[in-house]
Colleague: 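One structure, as structure tokens, below. Some questions next.
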Amino acid sequence: MLVEAFVYLRHDDATRTLLAVAMVVVVARLAGRLFERLGQPPVIGEIVAGLALGPTVLGAWSTTLFPLTIRPMLRVLATLGLVLFMFLVGMEMDLGHLTDRRQRISGAVAVAGTATPFALGVLLGLVLHSTHAHAALVPFALFMGACMSITAFPVLARILQERGLYETPLGTLAMACAAGDDVLTWATLAVVVAVATSSAGWQLPWICLLAVTFGAVMILAVRPALARFSGKPAGPGDLPVVVVGILVCAWATSAMGLHEIFGAFLLGAVFPRGDLAGRARAPLEAMAAILLPIFFVTTGLNVDLGGVGRRGLWQFALILGVACAGKLLGAVGGARMLGLAARESLALGVLMNTRGLTELVVLNIGLSLGVLDRSLFSLLVLMAVVTTVATAPLLGVIRPDPDLGGR
């Protein structure tokens, strides 16, 4: 009986999926605690754990742990965790507490910190296209620009909290800059995805029209309706309604030819802050905490740094240099133009270079669309990890004034 049970366990994909999920959650939590002791956000440890469970570290053993037959089920769970996470990211976009001066600075840093790395990313795409030509030049170059522009809003918040900077003027300004950066980048990425998915000349304007219409409906109709609904006392039946709304919005943008994350993000952005949001946040964060490590593993299964070869070394150096230079030049330049001190401007540039989980979301979109090949995907994932891990130590070296010099 024991042998028969073991054989059944090995060949039942649903059961193996359950066991794989349990293993992933345990490994991710242990890695998160380890990185937390090292002064890094736990999510970075979870990302590294997900990459370590892939072929880069385990080689052929990764296929033994995660057979091809269970990977579609893992992708479904990963997608669910991803849309919940993006909804929570959208809910964090609250800039109402900024003063007029800081709004101007955050706007300048967001625009410059998005446009400069985007331009450098496009140039990088022109250089790398000949060796990674899995897509036409225009969507490839535009996508590389979007990859260089992103800032990981949630990871940045965790770094600021652990450094005691979250409630300071510098922390508030950094969060505002990151929020503006992400809004601009997601809008740009939506256009890039529309370009990549449109196979006929009429499809691109049609996708853009649908996206604009969807955004208008969310802002002009859904937001007021949610505001009226949130004014009522929150009850235990509200959470399922919120989850259904997230899934429907995610499905809608996916059906338009965009990606499911855009619908979830936009719903979070228009979601009213109040009792309903407070009641929904904790259980959604708990669900995302369990499901996101699966997303890290599905990412790690597509990363194989052992296969990039010598050519990958100089390409990684180029990618890392462009990623850091774009954020530093853009963010520091924008802050200095509006009179922020040099040390605090440099700190903003370092903070904007935090990519983390949000970059992985963007890169997985590129891989799923066929814009990126596996080797370039692997190099970009490594860049995201390195730039994020470097943020906290560099911030300790700069030691900016959290009060912005009294400004």
Side-chain angles (χ1 to χ4, degrees), residues 93-124 144-153 155-161 163-188 318-356 358-359 383-384 386-407:
M93 298 294 176
D94 184 10
L95 307 181
H97 56 291
L98 287 176
T99 64
D100 290 339
R101 172 174 170 73
R102 289 176 190 158
Q103 285 180 348
R104 291 195 299 272
I105 297 177
S106 65
V109 173
V111 172
T114 302
T116 303
F118 184 87
L120 292 178
V122 170
L123 294 176
L124 178 65
M144 290 299 296
C147 289
M148 296 296 108
S149 302
I150 202 70
T151 294
F153 187 86
V155 179
L156 175 60
R158 188 59 184 267
I159 291 174
L160 291 172
Q161 288 171 349
R163 292 277 168 171
L165 298 173
Y166 189 77
E167 300 292 340
T168 66
L170 176 63
T172 302
L173 181 59
M175 292 297 291
C177 294
D181 184 298
D182 274 9
V183 168
L184 291 173
T185 302
W186 290 125
T188 303
L318 181 61
I319 290 170
L320 185 62
V322 170
C324 295
K327 284 295 183 182
L328 287 173
L329 291 174
V332 173
R336 291 292 288 160
M337 282 192 299
L338 290 181
L340 199 64
R343 188 183 295 270
E344 286 67 46
S345 298
L346 183 59
L348 281 180
V350 169
L351 288 168
M352 292 304 100
N353 207 31
T354 304
R355 288 178 167 85
T358 313
E359 183 74 67
M383 175 274 294
V386 171
T387 54
T388 306
V389 169
T391 300
L394 288 176
L395 196 62
V397 172
I398 297 171
R399 291 187 296 179
D401 182 359
D403 294 323
L404 299 178
R407 294 173 181 272

Colleague: Please round to the nearest 0.5 Å and tell me the distance separating atom CG of Asn353 and atom CG of Leu394.
Modeller: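 It comes to 8.5 Å.
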Colleague: Do the side chain of Thr185 and the main chain of Ala146 share a donor and acceptor less than 3.5 angstrom apart?
Modeller: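 No: the side chain of Thr185 does not pair with the backbone of Ala146.
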Colleague: Just by distance, do the side chain of Lys327 and the backbone of Gly113 share a donor-acceptor pair under 3.5 Å?
Modeller: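 A pair under 3.5 Å: yes.
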Colleague: What's the verdict on side chain to side chain contact (heavy atoms under 4.5 Å, CB included) for Leu160 and Leu351, showing C-alpha distance, side-chain angles and the deciding distance?
Modeller: CA-CA 9 Å; Leu160 291 172; Leu351 288 168; 4.1 Å; yes
Colleague: Looking at CG of Leu348 and CZ of Arg336, how far apart are the two atoms once the value is rounded to the nearest 0.5 Å?
Modeller: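 Answer for the CG-CZ pair, Leu348 versus Arg336, is 12.0 Å.
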Colleague: Taking all non-hydrogen atoms of both residues into account, name the closest pair between Arg355 and Ala323 and its distance.
Modeller: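 Heavy atoms of Arg355 and Ala323 come nearest at NH2-O, 3.2 Å.
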Colleague: With rounding to the nearest 0.5 angstrom, report the CG to OG1 distance, Leu173 to Thr168.
Modeller: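 It is 9.5 Å, given to the nearest 0.5 Å.
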Colleague: Give, for atom CE of Met148 and atom CG of Leu124, the distance between the pair rounded to the nearest 0.5 Å.
Modeller: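 If I round to the nearest 0.5 Å, the distance is 6.0 Å.
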Colleague: Please report the shortest heavy-atom distance between Arg343 and Ile398, naming the atom on each side.
Modeller: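 In terms of heavy atoms, the two residues are closest at NH1-O, 2.6 Å.
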Colleague: If I compare all heavy atoms of Val109 with all of Gly334, which pair ends up nearest, and what's the gap?
Modeller: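 Where Val109 meets Gly334 most closely, the heavy atoms are CG2-C, 4.2 Å.
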Colleague: Does Pro400 reach the side chain of Leu395, with side-chain heavy atoms less than 4.5 Å apart?
Modeller: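 Yes, close enough: below the 4.5 Å cut-off.
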Colleague: Measure the CE-CG distance between Met352 and Leu328 for me, rounded to the nearest 0.5 Å.
Modeller: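 So the gap between those two atoms works out to 11.0 Å.
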Colleague: For the backbone of Ser149 and the side chain of Thr114, can you confirm whether one donor and one acceptor N or O come within less than 3.5 Å of each other?
Modeller: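 Not at all, since once roles are kept as given, no pair shorter than 3.5 Å links the two residues.
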Colleague: Calculate, to the nearest 0.5 Å, the distance between atoms CD1 and OG1 belonging to Ile150 and Thr387 respectively.
Modeller: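 That separation rounds to 11.5 Å.
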Colleague: Quick one: does any side-chain atom of Ser345 pair with a main-chain N or O of Leu340 as donor and acceptor, under 3.5 Å?
Modeller: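 Such a contact is found between Ser345 side chain and Leu340 backbone.
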